[in-house]
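Each residue takes its place number in the sequence, starting with 1.
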Amino acid sequence: MFNKLRSLFSSAAVEPAQPEASLPQGQRIYAIGDIHGRLDLFEQLLARIDEDDSSRGPADTTLILLGDLVDRGPDSRGVIERAMQLKASRKVRILAGNHEEMMLGGLRDEEIMRHFLRHGGRETLFSYGLCAEEYSGGNVREIFDRANQLVPPEHIAFMEAMEDQIVVGDYLFVHAGIRPGVPLERQMPSDLRWIRREFLDHAEPHGHLVVHGHTITDEPVLRHNRIGIDTGAFASGKLTALGCEGDQRWLLTAFIAPQEREAA
């Protein structure tokens, strides 16, 4: 298992020079990295964001979720429901990650369901009410049929409406990254949700400062052309948010040690 987890991680090297970018006057953004079913961390981080937002005074505040709300962690259903509540009550924009893509695909196609189950989908379906006996004793067709009974249509519609990219001021928010050298209007959803090395290793400016998740690092990565904030919540117990206002940036973190979660 640990070898598989290591393949998701990248070096956490942090460049000393702060990337330059700004938001339009009066706007404030909080971007949250990959939640992956960790409702406990999501709630904790939302409370910290609300406290921080209040302490900084009035602003037009937007919350951006960078995708991968589901899979791997224990409560994907709870995270989706919480995100739906937030979107109905405040200014929230949500990106589709590769795990939302796999989940939606798995609910349409048995072969994709097989792939989905191998990459965290089992835990997701457990959160929707699939029992362990159904999983261990069922074939893919039976799990496919049961999943389509368990996942509410409104949850499917909510995920289908997620965005692929968000531009605000000098910032571009995406799930995984972008294909270097390709104009934003020609970026492929597959790259925006899945790309790694071609984007991560690119040293030149992108035209926007790219804020992304998807690739796990021990600490947030701040580079002149990108900021990565996926700190591996499902495995590390650490969920990170980036705050932005004007030309200023700051980080907020929610953390629950694995032993604390087990004790709870």
S.K.: Given the rule in the side chain to side chain donor-acceptor pair (under 3.5 Å) test, do Arg249 and Tyr171 qualify, once you have shown the distances and angles that lead to the verdict?
M.R.: CA-CA 12 Å; Arg249 283 175 297 280; Tyr171 289 90; 2.7 Å; yes

S.K.: Could you give the distance from CZ (Arg72) to CZ (Arg122), rounded to the nearest 0.5 Å?
M.R.: 11.5 Å

S.K.: Taking it one step at a time, do Asp75 and Ser127 satisfy side chain to side chain donor-acceptor pair (under 3.5 Å)?
M.R.: CA-CA 5 Å; Asp75 198 359; Ser127 78; 4.8 Å; no

S.K.: Using the side chain to side chain contact (heavy atoms under 4.5 Å, CB included) rule, take Trp250 and Glu245 through it: C-alpha gap first, then chi angles, then the decisive distance, then the call.
M.R.: CA-CA 9 Å; Trp250 60 96; Glu245 183 174 5; 3.8 Å; yes

S.K.: Side-chain contact, heavy-atom cut-off 4.5 Å: Met103 with Val151?
M.R.: yes

S.K.: Using a 4.5 Å cut-off on heavy atoms from C-beta on, say whether the side chain of Asp170 contacts that of Leu23.
M.R.: no

S.K.: Hey, are the side chains of Leu200 and Arg197 touching, using non-hydrogen atoms and a 4.5 Å cut-off?
M.R.: yes

S.K.: Relative to each other, are the rings of Trp194 and His115 parallel, tilted or perpendicular (30° and 60° limits)?
M.R.: tilted

S.K.: Looking at Thr240 and Ile229, would you say the former's side chain and the latter's main chain have a donor-acceptor pair under 3.5 Å?
M.R.: no

S.K.: For the side chain of His206 and the backbone of Gly181, is there at least one donor-acceptor N/O pair under 3.5 Å apart?
M.R.: no

S.K.: Between Glu100 and Leu69 (side chain of the first, backbone of the second, donor and acceptor by atom type, cut-off under 3.5 Å), is there such a pair?
M.R.: yes

S.K.: Out of curiosity, Ile64 CD1 to Ile166 CD1, how far, rounded to the nearest 0.5 Å?
M.R.: 4.5 Å

S.K.: Using the rule that Ile, Leu, Val, Met, Phe, Trp and Tyr join whenever any side-chain heavy atoms are under 4.5 Å apart, tell me whether Leu251 and Val211 fall into a single cluster.
M.R.: yes

S.K.: Report yes if the side chains of Leu65 and Tyr30 come closer than 4.5 Å at any heavy-atom pair, otherwise no.
M.R.: no

S.K.: Shared ILVMFWY cluster between Val140 and Phe116, side chains joined below 4.5 angstrom?
M.R.: yes

S.K.: Side-chain contact, heavy-atom cut-off 4.5 Å: Phe199 with Asp191?
M.R.: no

S.K.: Examine Tyr128 together with His155 and report whether their ring centres are nearer than 6.0 Å.
M.R.: yes

S.K.: Report yes or no: does Arg38 contribute a side-chain atom to a donor-acceptor pair with the main-chain N or O of Ala233 at less than 3.5 Å?
M.R.: yes

S.K.: If you take all heavy atoms of Gly169 and Pro24, which pair is closest and at what distance?
M.R.: CA-CD, 3.8 Å

S.K.: Looking at Leu242, Leu41, Ile49, Leu66, which one forms a side-chain contact (heavy atoms from CB on, under 4.5 Å) with Ile32?
M.R.: Ile49

S.K.: Using side chain to side chain contact (heavy atoms under 4.5 Å, CB included), reason through Ile156 and Arg108 one step at a time and then give a plain yes or no.
M.R.: CA-CA 11 Å; Ile156 295 172; Arg108 301 186 191 108; 5.7 Å; no

S.K.: Can Gln44 and Ile256 be said to form a side chain to side chain contact (heavy atoms under 4.5 Å, CB included), step by step?
M.R.: CA-CA 9 Å; Gln44 185 185 124; Ile256 298 175; 3.5 Å; yes

S.K.: Considering all heavy atoms of both residues, which atom of Val70 and which atom of Ser76 are nearest to each other, and what is their separation?
M.R.: CA-OG, 3.3 Å

S.K.: Of all heavy-atom pairs between Pro205 and His224, which one has the smallest distance, and what is that distance?
M.R.: N-NE2, 4.2 Å

S.K.: Starting from the C-alpha separation in whole Å, work towards a yes-or-no answer on salt bridge (charged side-chain N to carboxylate O under 4.0 Å, His left out) for Arg77 and Glu81.
M.R.: CA-CA 6 Å; Arg77 177 174 189 151; Glu81 290 176 343; 3.0 Å; yes

S.K.: Main chain of Cys131, side chain of Glu134: is a donor-acceptor contact present, judged purely on distance under 3.5 Å?
M.R.: yes

S.K.: Mind checking the CD-CG spacing from Glu20 to Asp247? Nearest 0.5 Å is all I need.
M.R.: 9.0 Å

S.K.: Using atom types as modelled and distance alone, determine if a side-chain donor or acceptor of Glu142 lies under 3.5 Å from a backbone N or O of Asn139.
M.R.: yes

S.K.: Please tell me whether Phe173 and His212 form a close aromatic pair, meaning their ring centres lie under 6.0 Å apart.
M.R.: no

S.K.: Are more than 12 heavy atoms, taken from residues, nucleotides or ligands other than Gln25, located less than 6.0 Å from that residue's CD atom?
M.R.: no

S.K.: Are any of the side-chain heavy atoms of Ile216 and Phe234 separated by less than 4.5 Å?
M.R.: yes

S.K.: Return the minimal non-hydrogen interatomic distance between His99 and Asp71, and the atom names on each side.
M.R.: ND1-OD2, 2.7 Å

S.K.: Does Asp60 form a salt bridge (charged side-chain N to carboxylate O under 4.0 Å, His left out) with Lys91? I'd like the steps, not just the answer.
M.R.: CA-CA 9 Å; Asp60 179 10; Lys91 195 171 180 180; 3.1 Å; yes

S.K.: Donor-acceptor pair, His36 side chain versus Gly73 backbone, under 3.5 Å?
M.R.: no

S.K.: Taking CD in Glu154 as the centre, count heavy atoms belonging to other residues, nucleotides or ligands within less than 6.0 Å. Is the count above 12?
M.R.: yes

S.K.: Nearest 0.5 angstrom please: Met188 CE to Ile178 CD1, how far?
M.R.: 14.5 Å

S.K.: Measure the spacing between CD of Glu43 and CG of Leu45 and express it to the nearest 0.5 Å.
M.R.: 10.5 Å

S.K.: Side chain to side chain contact (heavy atoms under 4.5 Å, CB included) between Phe158 and Lys87: does it pass, once the steps are laid out?
M.R.: CA-CA 10 Å; Phe158 180 73; Lys87 195 161 178 62; 3.9 Å; yes

S.K.: Is there a donor in the side chain of His175 and an acceptor in the side chain of Asn98, or the other way round, less than 3.5 Å apart?
M.R.: yes

S.K.: Could you check whether any side-chain N or O of Asn148 sits under 3.5 Å from a backbone N or O of Leu107, counting only pairs where one atom can act as donor and the other as acceptor?
M.R.: yes

S.K.: Mind checking the CG-NE2 spacing from Leu117 to His119? Nearest 0.5 Å is all I need.
M.R.: 11.0 Å

S.K.: For residues Leu104 and Ile112: do they belong to one hydrophobic cluster (side chain heavy atoms under 4.5 Å, members Ile, Leu, Val, Met, Phe, Trp, Tyr)?
M.R.: no

S.K.: Can you tell whether the side chains of Glu101 and Arg193 come within less than 4.0 Å, N to carboxylate O?
M.R.: yes

S.K.: Less than 4.0 angstrom from a charged side-chain N to a carboxylate O is my criterion; do Asp52 and Arg48 meet it?
M.R.: no

S.K.: Does a side-chain N-to-carboxylate-O contact under 4.0 Å join Asp53 and Arg90?
M.R.: no

S.K.: Look only at the side chain of Thr231 and the backbone of Lys238, and say whether a donor-acceptor pair between them is shorter than 3.5 Å.
M.R.: yes

S.K.: For Ala132, is there any backbone N or O sitting under 3.5 Å from a side-chain donor or acceptor partner on Ser136?
M.R.: yes

S.K.: For the residue pair Leu184 and Val167, establish whether any side-chain heavy-atom pair is separated by less than 4.5 Å.
M.R.: yes

S.K.: Within a strict 4.5 Å, meaning less than it, do heavy atoms of the Leu130 and Leu150 side chains meet?
M.R.: yes

